[in-house]
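Note that this is a predicted model, so its numbers are computed, not measured.
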Amino acid sequence: QVQLVESGGGSVQPGGSLRLSCALSGYTYRYYVMGWFRQAPGKEREGVASIDSDGDTTYGHSVKGRFIISKDNAKNTLYLRMNSLKPEDTAMYFCAAPVTGRIILGWLDLPQYNNYWGQGTQVTVSS
């Protein structure tokens, strides 16, 4: 059974930093893409960052240069380091990985893809 469990969300002032973690269990594909999406109230879910089994990363245009995605294969844990946070980064952040284990080009632009999802962790950026 595949499980994705996020942690690390919270409240932070503008300009601050947070690191999100996503512990994956039961997801053992050799080839994969996985990453983070977010959804703010009243808005559609959007892709934030992804990483694939080759180590290639992709970022949403609004977070490029501020967020860093990484994966610890030994711990099977996905991370999202968020720097220079802005109020518009406030959202529920979800960890996700496709049900089928393969590298999917443009996956970050497909929030409706058939994914496993975590329960989400709230990030609030406010002064």
Side-chain angles (χ1 to χ4, degrees):
Q1 184 179 356
V2 175
Q3 285 189 315
L4 287 71
V5 180
E6 301 100 332
S7 60
S11 296
V12 64
Q13 292 187 339
S17 298
L18 281 174
R19 189 181 78 161
L20 306 183
S21 299
C22 174
L24 299 101
S25 59
Y27 198 83
T28 57
Y29 291 112
R30 180 177 179 182
Y31 301 104
Y32 58 81
V33 62
M34 57 181 61
W36 297 89
F37 292 79
R38 68 185 182 187
Q39 189 165 19
K43 294 188 176 182
E44 294 186 351
R45 189 168 294 188
E46 65 169 339
V48 175
S50 68
I51 188 168
D52 67 27
S53 46
D54 291 335
D56 293 328
T57 57
T58 303
Y59 295 92
H61 70 90
S62 61
V63 306
K64 197 172 295 185
R66 299 188 297 123
F67 290 11
I68 300 171
I69 188 170
S70 61
K71 186 174 184 286
D72 186 326
N73 291 323
K75 296 182 179 179
N76 213 18
T77 300
L78 188 67
Y79 300 100
L80 184 68
R81 176 68 178 180
M82 304 184 295
N83 300 316
S84 302
L85 281 161
K86 305 175 181 180
E88 51 264 42
D89 294 318
T90 296
M92 185 72 79
Y93 284 71
F94 299 90
C95 173
V99 170
T100 54
R102 58 191 181 101
I103 297 175
I104 301 162
L105 297 180
W107 175 75
L108 203 60
D109 296 323
L110 302 171
Q112 74 279 13
Y113 201 86
N114 189 19
N115 295 323
Y116 295 111
W117 294 93
Q119 81 286 354
T121 186
Q122 178 68 37
V123 172
T124 302
V125 184
S126 174
S127 55

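- In terms of heavy atoms, L18 sits closest to V123 at CD1-CG1, 3.9 Å.
- Considering CH2 of W36 and CZ of F94, their distance stands at 11.0 Å, rounded to 0.5 Å.
- S53 contributes atom OG, which lies 9.0 Å from atom CZ of R30 (distance to the nearest 0.5 angstrom).
- The shortest side-chain heavy-atom distance between N76 and K71 falls under the 4.5 Å cut-off.
- In this structure a side-chain-to-backbone donor-acceptor pair under 3.5 Å is present from T90 to V125.
- Residues P98 and Y27 approach most closely at O-OH, 2.6 Å, considering heavy atoms.
- Hydrophobic clustering keeps Y59 apart from W107 (ILVMFWY residues linked when any side-chain heavy atoms are closer than 4.5 Å, directly or through intermediates).
- For the pairing with V48, the side-chain contact (heavy atoms from CB on, under 4.5 Å) check across T58, V63, D89 returns one residue only, V63.
- Under a cut-off of 6.0 angstrom, the local environment of CD in Q112 is crowded, with over 12 non-hydrogen atoms contributed by other residues, nucleotides or ligands.
- Within the 3.5 Å criterion, the main-chain N or O of S84 finds a donor-acceptor partner in the side chain of R66.
- Exactly one of L20, D72, I51 qualifies for a side-chain contact (heavy atoms from CB on, under 4.5 Å) with Y79. That residue is D72.
- Of the listed residues (E88, E6, E46), just one forms a salt bridge (Lys or Arg N to Asp or Glu O under 4.0 Å) with R38, and that residue is E46.
- Applying the 6.0 Å contact sphere to OH of Y31 captures no more than 12 heavy atoms from other residues, nucleotides or ligands.
- Closest approach of L108 and G60 over heavy atoms only: CD2-N, 3.9 Å.
- Closest of all the heavy-atom pairs between S21 and T77 is CB-CG2, 4.3 Å.
- With a 4.5 Å cut-off on side-chain heavy atoms, I103 and Y29 do not count as touching.
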